[in-house]
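I have placed the structure first, in the form of structure tokens, so that the comments after it can refer back to it.
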Amino acid sequence: MGVKGFVEGGIASIVAGCSTHPLDLIKVRMQLQGESLPAAPTQAAHSLRPALAFHSPAISAARVHVPPPPPPRVGLVSVGVRIVRAEGVAALFSGVSATVLRQTLYSTTRMGLYDILKQKWSDPGTNTLPLTRKITAGLVAGAIGAMVGNPADVAMVRMQADGRLPVHQRRNYRSVVDALASMSKQEGVASLWRGSSLTVNRAMVVTASQLATYDQVKEAILDSGAMRDGLGTHVTASFAAGFVAAVASNPIDVIKTRVMNMKVEPGQAPPYAGALDCAMKTIRAEGPMALYKGFIPTISRQGPFTVVLFVTLEQVRKILKDF
């Protein structure tokens, strides 16, 4: 029974992750809006002058580099259109191999562990589980799943964000395997767990809110007799679970994305010293609501993802019920 829960959750998670990957990519790009990009190396060359040239104040003033204003922030559809125009339709699926690996490691683990804990902690007489225990089971399952899947999560964020970097600074990972190998070689094995504390925190929040809300809403609908245990109940409970998970996890997700995507040059201090430093710099530079950047694509992705996840899970359970 324990292995069965992992298999069911893994299949449902992979289907949901691949089907909503373009929305996840747009969400990552929107979360990085407003974050300053490293300057191109050619910019410094424009200020070079011959050693014996006369230094005219007017000319010197004209040559002072004035940074361009930040690009206007755009919405979900606009970001998607820009990606397609600049990088092609295939760019919407950048990092999909990392998504498959992430769902295989992270979601399979959390879904399987949550199912085991739910069975062990349920009341034998009524076969029910109080909301507090559901939340606790989600926190535990999410934390363990996140630690297992963090390398794939880092690779996925980098592959999704690569297209927004200047051409000479792109990492150009060919696949998730190439991404993991390159990171290990260039930045050390420890870089595969960069932002792991944020990943764990986010996974705990998402798993607890998503799985516990789904089970709680589903039970409430069935107990009230409003709907039967069918597609309508599954979709309704899924939407509720997706909304709660998106609201609870978006600030952590923004910080996690920026920490994982930061480029650390040899011999230089990293842009962010940690999660708290990233949060403070983001708020100071862009305001508190910057922590909810990408919320529209987050809810647009989290809703369909959760619906596909649980509808697929219920169908897989029916197929494997005799095993």
Side-chain angles (χ1 to χ4, degrees), residues 1-10 12-14 16-17 24 102-124 126-154 156-157 193-220 237-257 259-260 274-276 278-279 291-292 295 298-299 301-303 305-307 309-310 313:
M1 291 299 296
V3 174
K4 185 179 176 183
F6 284 92
V7 173
E8 293 170 346
S13 298
I14 292 172
D24 195 42
R102 177 178 181 268
Q103 298 299 338
T104 301
L105 298 176
Y106 160 63
S107 288
T108 299
T109 302
R110 73 178 183 122
M111 297 288 284
L113 286 177
Y114 179 80
D115 191 58
I116 291 175
L117 294 174
K118 190 170 68 170
Q119 292 179 26
K120 288 185 175 294
W121 293 350
S122 294
D123 188 327
T126 60
N127 198 31
T128 59
L129 189 68
L131 179 59
T132 53
R133 290 195 177 185
K134 290 174 185 172
I135 294 174
T136 304
L139 293 173
V140 174
I144 297 175
M147 288 303 298
V148 173
N150 197 83
D153 206 1
V154 177
M156 182 184 71
V157 167
W193 275 269
R194 178 173 294 157
S196 59
S197 61
L198 290 166
T199 305
V200 169
N201 290 334
R202 178 188 179 277
M204 292 172 69
V205 171
V206 169
T207 304
S209 57
Q210 187 185 66
L211 301 187
T213 300
Y214 177 80
D215 284 344
Q216 195 71 16
V217 173
K218 179 182 173 182
E219 289 174 9
S238 298
F239 266 120
F243 180 79
V244 173
V247 171
S249 66
N250 202 89
I252 301 174
D253 202 28
V254 171
I255 299 170
K256 176 182 75 73
T257 296
V259 170
M260 286 183 169
L276 182 60
C278 178
L291 296 179
Y292 273 91
F295 179 74
T298 293
I299 192 64
R301 182 255 182 191
Q302 194 71 258
F305 175 87
T306 309
V307 170
L309 172 68
F310 287 114
L313 180 63

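Everything numeric here is computed off the predicted structure, so don't read it as measured data. The residues of the chain are indexed from 1 along the displayed sequence.
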Give a yes or no on whether a salt bridge exists between Asp253 and Lys256, defined as a side-chain N under 4.0 angstrom from a carboxylate O. yes
ask   = For Val247, does its backbone N or O pair with a side-chain atom of Tyr292 as donor and acceptor, under 3.5 Å?
value = yes
Rounded to the nearest 0.5 angstrom, the CH2-CG distance for Trp193 and Asp153 is 12.5 Å
Is it the case that the side chain of Asn201 and the backbone of Ser197 share a donor-acceptor pair, with hydrogens and angles ignored and the cut-off at 3.5 Å?
yes
Do Thr109 and Met147 make a side-chain contact, defined as non-hydrogen atoms from C-beta onward lying under 4.5 Å apart? no
Note: Val217 and Ala240 closest approach over all heavy atoms is CG2-CB, 4.1 Å
Rounding to 0.5 Å, atoms OH (Tyr114) and CG (Leu139) come to a distance of 10.5 Å
Notebook entry, point to check: Quick check: are there more than 12 heavy atoms from other residues, nucleotides or ligands sitting under 6.0 Å from CZ of Phe243?
Noted result: no
Closest heavy-atom pair, Gly242 versus Ile299, reported as atoms and distance to 0.1 Å, is O-CD1, 3.9 Å
For Ala146 and Val200, the nearest pair of non-hydrogen atoms, with its separation, is CB-CA, 3.6 Å
Chi angles and distances behind the side-chain contact (heavy atoms from CB on, under 4.5 Å) call for Leu113, Val140: CA-CA 8 Å; Leu113 286 177; Val140 174; 5.9 Å; no
Is there a donor-acceptor pair closer than 3.5 Å between any side-chain N or O of Thr108 and the backbone N or O of Gln103? yes
- Does one side chain, of Asn250 or Thr298, offer a donor that lies under 3.5 Å from an acceptor on the other? yes
When rounded to the nearest 0.5 Å, the distance separating CG of Asp115 from CZ of Arg110 is 13.0 Å
Between Ile255 and Ala275 the two heavy atoms that sit nearest each other are CG2-O, 3.7 Å
ask   = Given side chains that start at C-beta, do those of Leu129 and Asp215 come closer than 4.5 Å, heavy atoms only?
value = no
To the nearest 0.5 Å, atom OG1 of Thr128 lies from atom NZ of Lys134 at 8.0 Å
Taken to the nearest 0.5 Å, the spacing of Met204 CE from Thr199 OG1 works out to 12.5 Å
Nearest heavy-atom approach of Cys278 to Val259 is CB-CG2, 3.9 Å
side-chain contact (heavy atoms from CB on, under 4.5 Å), that's the test. Do Trp121 and Thr136 meet it? Break it down for me.
CA-CA 10 Å; Trp121 293 350; Thr136 304; 4.0 Å; yes
All heavy atoms of Thr306 vs all of Ser238, minimum pair found to be CG2-O, 3.3 Å
Rounded to the nearest 0.5 angstrom, the CG-CD1 distance for Leu211 and Ile135 is 11.5 Å
Has the side chain of Arg102 got a donor or acceptor atom that lies under 3.5 Å from a matching backbone atom of Met156? no
